[in-house]
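Read through the structure below, which is laid out as structure tokens, and then see the notes.
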2 protein chains.
Amino acid sequence: MNERKQKVMAAAHALFVEKGYAATSVQDILEKSGISKGTFYNYFPSKNELLMSIFEKINLETNERRAEVLAGRPVHDKEAFVEQIKVKLEVNKENNLFVLFQGVFVSEDAELKKFVKQHHFNELRWTQRRLIELFGEDVRPYSVDLAVTLYGVVQNTVHFLMAAEEQVELNAIIRYAMRRVETAVRDIVQTKDRLLDSRILERWQPEMALNREKKKSVLMQKIGAMQETAADDQQELLSFLQDELRASSPRLNIIQAVLNNVTDREELVTLIHDFVND
Amino acid sequence: MNERKQKVMAAAHALFVEKGYAATSVQDILEKSGISKGTFYNYFPSKNELLMSIFEKINLETNERRAEVLAGRPVHDKEAFVEQIKVKLEVNKENNLFVLFQGVFVSEDAELKKFVKQHHFNELRWTQRRLIELFGEDVRPYSVDLAVTLYGVVQNTVHFLMAAEEQVELNAIIRYAMRRVETAVRDIVQTKDRLLDSRILERWQPEMALNREKKKSVLMQKIGAMQETAADDQQELLSFLQDELRASSPRLNIIQAVLNNVTDREELVTLIHDFVND
DNA sequence: GATTTTTTTATACTATCGGTATAATATAAG
DNA sequence: CTTATATTATACCGATAGTATAAAAAAATC
């Protein structure tokens with residue numbers, strides 16, 4: 001991406017975190033990044049689209065950090081899960097996402113609302129999947145309930161402490177919530193106490209799945225493009241990546257290992273992380 | 001209050017619920033209520049102040065409905081508690097408060113933010129107190145944790161279902177959350193697992209207490225003013241109310257009974273409800 | 001009933017907002 | 001060198017919350 005455009009995004013990002021979305025005018029962004037209004041609207045169709053670009057960037061980074069946390073550890077590692085939750089909360093805090101998301105709900109931009117809603121659903125689906133990995137298939141029927149509960153307790157506690165201007169000990173909060181979930185799991189599995197259909201989120205997936213296909217396509221094209229200018233030994237690595245990514249369940253560790261030996265891999269790493277963590 | 005002013009509030013309230021706060025312009029309110037801009041800014045110093053007036057009115061009505069629910073039932077009646085929680089959620093839904101509150105956080109009006117924050121703390125304090133009434137003094141050290149948990153699970157589930165455009169069965173959600181809390185209570189009391197200091201909200205009370213003194217003063221003045229134009233038999237009732245309200249723990253049932261025999265009691269009922277439920 | 005005071009109205013105004021339009025200028029590519 | 005693209009400065013649009021003001025209407029006072 002254009003270096004200059006990235007500079008504008010960084011400036012806007014800083015202003016949004018500092019003053020909030022609504023309180024930051026386009027004029028502020030122009031002055032901070034030293035560009036003209038024409039250039040701004042050449043880069044971004046609207047202020048809302050700029051915000052979405054920033055969200056997307058944050059999201060990519062979050063997924064990468066979460067993948068790193070889990071790397072080399074079993075999926076049922078509870079400590080890894082706590083750390084992964086923590087990553088999200090840290091990102092939220094660093095980027096003042098709580099306030100930014102609220103600004104979105106106030107705006108009348110339907111696309112922006114949908115974007116944030118989808119993001120929330122993705123997070124719940126991720127939590128749901130991870131909880132099943134943690135506690136086993138027995139909890140699958142209750143996985144949405146548990147995800148909503150965990151998410152609710154953690155988020156509500158954090159927001160409360162922030163409103164009360166108290167120190168927020170993320171580790172303590174997450175571990176506390178996890179202890180509550182563990183007790184709830186035993187209780188719920190035994191009494192078969194279910195509130196929501198665990199497949200309720202699948203209805204919100206198709207669009208995502210399409211999106212995934214698109215990402216896959218972009219990824220394959222990128223690898224193809226790289227192959228055209230690559231040396232022979234690189235060719236082999238890239239071909240292998242293509243095959244492995246096309247598999248129904250790509251072996252992530254192997255991909256990671258191969259990726260480390262690809263030159264000029266920056267963009268590719270980003271794309272693959274995005275694809276794999278979707 | 002001015003009848004005309006109330007009509008404006010009702011019109012604005014309807015528009016806010018229908019279109020949201022930010023999307024409703026002052027001009028919209030003028031047209032719907034058929035007043036001029038000058039009159040509007042004579043009634044309300046700003047659009048934000050109008051919103052606060054509406055919040056306050058909603059809050060009074062919520063407290064009244066909650067008091068009615070509990071009337072004549074023991075404080076440890078779990079079903080009554082469920083109904084009281086439901087009252088709040090219904091009010092939130094009817095008035096689209098979730099979106100309205102978010103609009104507040106986006107606005108840069110510090111007073112408005114403070115107002116909503118205080119409202120949230122009051123709700124938590126209320127939940128905390130009721131949970132102790134329900135589960136006994138043993139849970140007091142953990143009452144904030146439990147209140148935040150209950151609140152978090154219920155609110156998050158409701159918001160999720162609304163976002164997913166699913167039907168929201170308030171009763172089922174609240175009862176589910178209560179079952180989780182009951183299990184958590186046993187677990188927590190046994191393991192002495194505490195996250196937050198149960199007195200954490202007391203720090204946010206002094207201002208409330210001042211506010212309460214102010215309400216008391218307004219109430220006493222109102223009764224005094226009514227005495228000046230009242231008949232002798234009314235005088236006695238009003239004097240009794242003053243004495244009783246000054247007591248450290250006013251006997252609510254008796255106040256209610258006496259109040260029923262006061263003529264022209266509308267405003268008084270509102271003030272007393274507000275004071276008593278604070 | 002006349003006079004005074006208060007409330008309401010209509011209208012024009014300010015400053016700011018997100019976004020558009022355009023003509024001139026600078027930079028890069030062919 | 002020429003052409004195409006990117007950037008700039010600037011004026012503009014419609015909508016926003018809120019202010020100012022003078023005239024008209026309503027209410028209160030004498």
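Keep in mind the model is a prediction, meaning the values are calculated, not measured. Letters go in sequence order (proteins before strands), and every chain restarts at 1.
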In whole angstroms, the gap separating P of D/dT16 from OH of B/Y21 amounts to 14 Å

Could you give the CZ-to-P distance, from B/F40 to D/dA20, as a whole number of Å? 17 Å

Measure from CG on B/N42 to P on C/dA10 and round the result to the nearest Å. 15 Å

N/O (side chain, A/S36) to phosphate O (OP1/OP2, D/dT7) under 4.0 Å: no

For A/Y43, which contact category applies under a 4.0 Å heavy-atom criterion: base, sugar-phosphate, or nothing? sugar-phosphate

Output the single nucleotide from C/dG18, D/dG18, C/dT7 whose closest atom is nearest the side chain of B/K37. D/dG18

Atom NZ of B/K117 with >12 non-hydrogen neighbours under 6.0 angstrom: yes

Is it true that, when you exclude B/K57 itself, more than 12 heavy atoms of the residues, nucleotides or ligands shown sit nearer than 6.0 Å to its NZ? no

Less than 6.0 Å separating the ring centroids of A/H120 and A/F101? no

Of the listed nucleotides C/dT8, D/dA6, C/dT9, the one nearest the side chain of B/I35: C/dT9

If you go through the side-chain atoms of A/K47, does one of them form a donor-acceptor pair with the base of C/dG19 closer than 3.5 Å? no

Between D/dT16 (P) and B/L15 (CG): distance, integer Å: 13 Å

Take atom CD of A/Q27 and atom C1' of D/dT10, then tell me their distance rounded to the nearest Å. 12 Å

Under-4.0 Å side-chain N/O to phosphate OP1/OP2 contact, B/R4 with D/dA26: no

If you find the nucleotide of DNA chain C closest to B/G38 and the one closest to A/V26, which residue's nucleotide is nearer the 5' end? B/G38

Let me know the distance between CG of B/L112 and P of D/dA17, rounded to the nearest Å. 14 Å

Verdict with supporting geometry, B/F98 and B/H159, ring pair (Phe, Tyr, Trp, His ring centres under 6.0 Å): CA-CA 8 Å; B/F98 180 56; B/H159 294 162; 3.6 Å; yes

In this structure, how many angstroms lie between the P atom of D/dA15 and the CD atom of B/E31, rounded? 12 Å

Considering every strand and a 4.0 Å limit on heavy-atom distances, what is the contact class for B/T39: base, sugar-phosphate, or nothing? base

d(CZ, B/F44; C1', C/dT7) in whole Å: 15 Å

Test of ring centre spacing under 6.0 Å for A/F160 and B/Y151: no

Quick note, A/N2 side chain, CB onward, closest among D/dT7, C/dT8, C/dT11 is D/dT7

